[in-house]
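Have a look at the structure below, then the notes.
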Amino acid sequence: MTEVIIALDFDDPENAVDFAHKIKNETSWVKVGLELFIRGGPEVVVRLKQMGFYVFLDLKLLDIPNTVSGAVSSSVDIGADMLTLHILGGEKMIQAAINAKNRTTGEKSKIILLGVTLLTSMDQDDLPWPDRRDTGEIVCDLARRAHTLGLDGCVCSGLEAGRIRKMTDRDFYLVTPGIRLEPAKDDQKRVVTPEQAQASGADFLVIGRPVIKNADPVHALREIKKRLTRNSEKFQ
Ligand code: C5P
């Protein structure tokens, strides 16, 4: 089943929590990213957990192994259910993250560690290094490494999810941001519709602005869920 994660990209924790109350009956997953976490800290994660949400802590860790190990342990302690780290951090950093996860016990040990491939806001022109491969190949290469090294899944766009699904296990989570209901002129470049992401095998769709900036966010989210249900019925 494809789940929707709503990105609570708010600069005020109170607004984020108020918004979470509005969508409580429509989704069980929310994402806390850098903007909200820097303002609201662990407390906002704890409050969302107390409301019954699963919390995706999208901190996109990239640091030395010892620091990332500590950051994973801290994220586990505050109750995060899902956490991101950059695959570009390399094998030792990723191993340190997995070891930190494996040191935890009970419910909290189920935290999902996701490797970030290439941000969905980037295309060939945005690469910081010259590379003859297209973005799809680079993303698939990073995803393969994440899978081999033992991460639980990766973040990719819906454009690459199908290829990654074919080369990994069914239980390797594919999480796709860059979801747009219609063409939009913003910073996201590798975008697909919810239906395309679902058909590509994505397990979780991360959706921010198309819902949180909508005049009627609950209606927008219901419409997305309806579209996903209709789409999945086509394949049954
Ligand atoms: O508003 P929009 O739907 O573009 O939000 C997408 C969310 O997904 C943002 O919170 C962004 O930080 C996050 N994200 C992303 N690309 C990644 C990883 C996370 O857009 N590779």
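Order of appearance sets the numbers: ligands from 1, and atoms from 1 within every ligand.
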Flag side-chain contact, heavy atom, 4.5 Å: Val175 against Ile112: no
Close side-chain approach of Ser121 to Asp126, heavy-atom, < 4.5 Å: no
Of all the non-hydrogen atoms in the protein, which one sits nearest to atom 18 (C) of ligand 1, and at what distance? Lys60 CE, 3.3 Å
Taking only non-hydrogen atoms of Lys213, do any sit less than 4.0 angstrom from ligand 1? no
Within ligand 1, which atoms have a heavy atom of Gly208 less than 4.0 Å away? 1 (O), 2 (P), 3 (O), 5 (O)
Heavy atom of Gly33, distance to ligand 1 below 4.0 Å: no
Using a 3.5 Å cut-off on N or O atoms only, is Gly178 in polar contact with ligand 1? no
Write out the residue and atom name of the closest protein heavy atom to atom 20 (O) of ligand 1, then the distance separating them to 0.1 Å. Gln188 NE2, 2.9 Å
Lys/Arg N to Asp/Glu carboxylate O, Lys189 vs Asp125, below 4.0 Å: no
Report the C-alpha distance between Tyr173 and Met82 in whole Å, list the side-chain angles of each, state the deciding distance to 0.1 Å, and finish with yes or no for side chain to side chain contact (heavy atoms under 4.5 Å, CB included). CA-CA 11 Å; Tyr173 290 107; Met82 192 183 261; 5.6 Å; no
Using a strict cut-off of less than 4.0 Å between a Lys/Arg side-chain nitrogen and an Asp/Glu carboxylate oxygen, indicate whether Glu160 and Arg163 qualify as a salt bridge. no
Answer with side chain, backbone, both or neither: which part of Thr120 has a heavy atom less than 4.0 angstrom from an atom of ligand 1? both
Answer side chain, backbone, both or neither: which part of Arg180 comes under 4.0 Å from ligand 1, heavy atoms only. side chain
Does Pro210 approach ligand 1 within less than 4.0 angstrom via side chain, backbone, both or neither, non-hydrogen atoms only? side chain
Do me a favour and list the nearest non-hydrogen protein atom to atom 9 (C) of ligand 1 with residue, atom name and distance? Asp9 OD2, 3.4 Å
Considering only non-hydrogen protein atoms, determine which one is nearest to atom 11 (C) of ligand 1 and report residue, atom name and distance to 0.1 Å. Lys31 NZ, 3.8 Å
Looking only at heavy atoms, is any part of Asp58 under 4.0 Å from ligand 1, and if so is it the side chain, the backbone, or both, or is it neither? side chain
Short side-chain donor-acceptor distance under 3.5 Å, Thr84 and Asp58: yes
Salt bridge Asp216-Lys22, side-chain N to carboxylate O under 4.0 Å: no
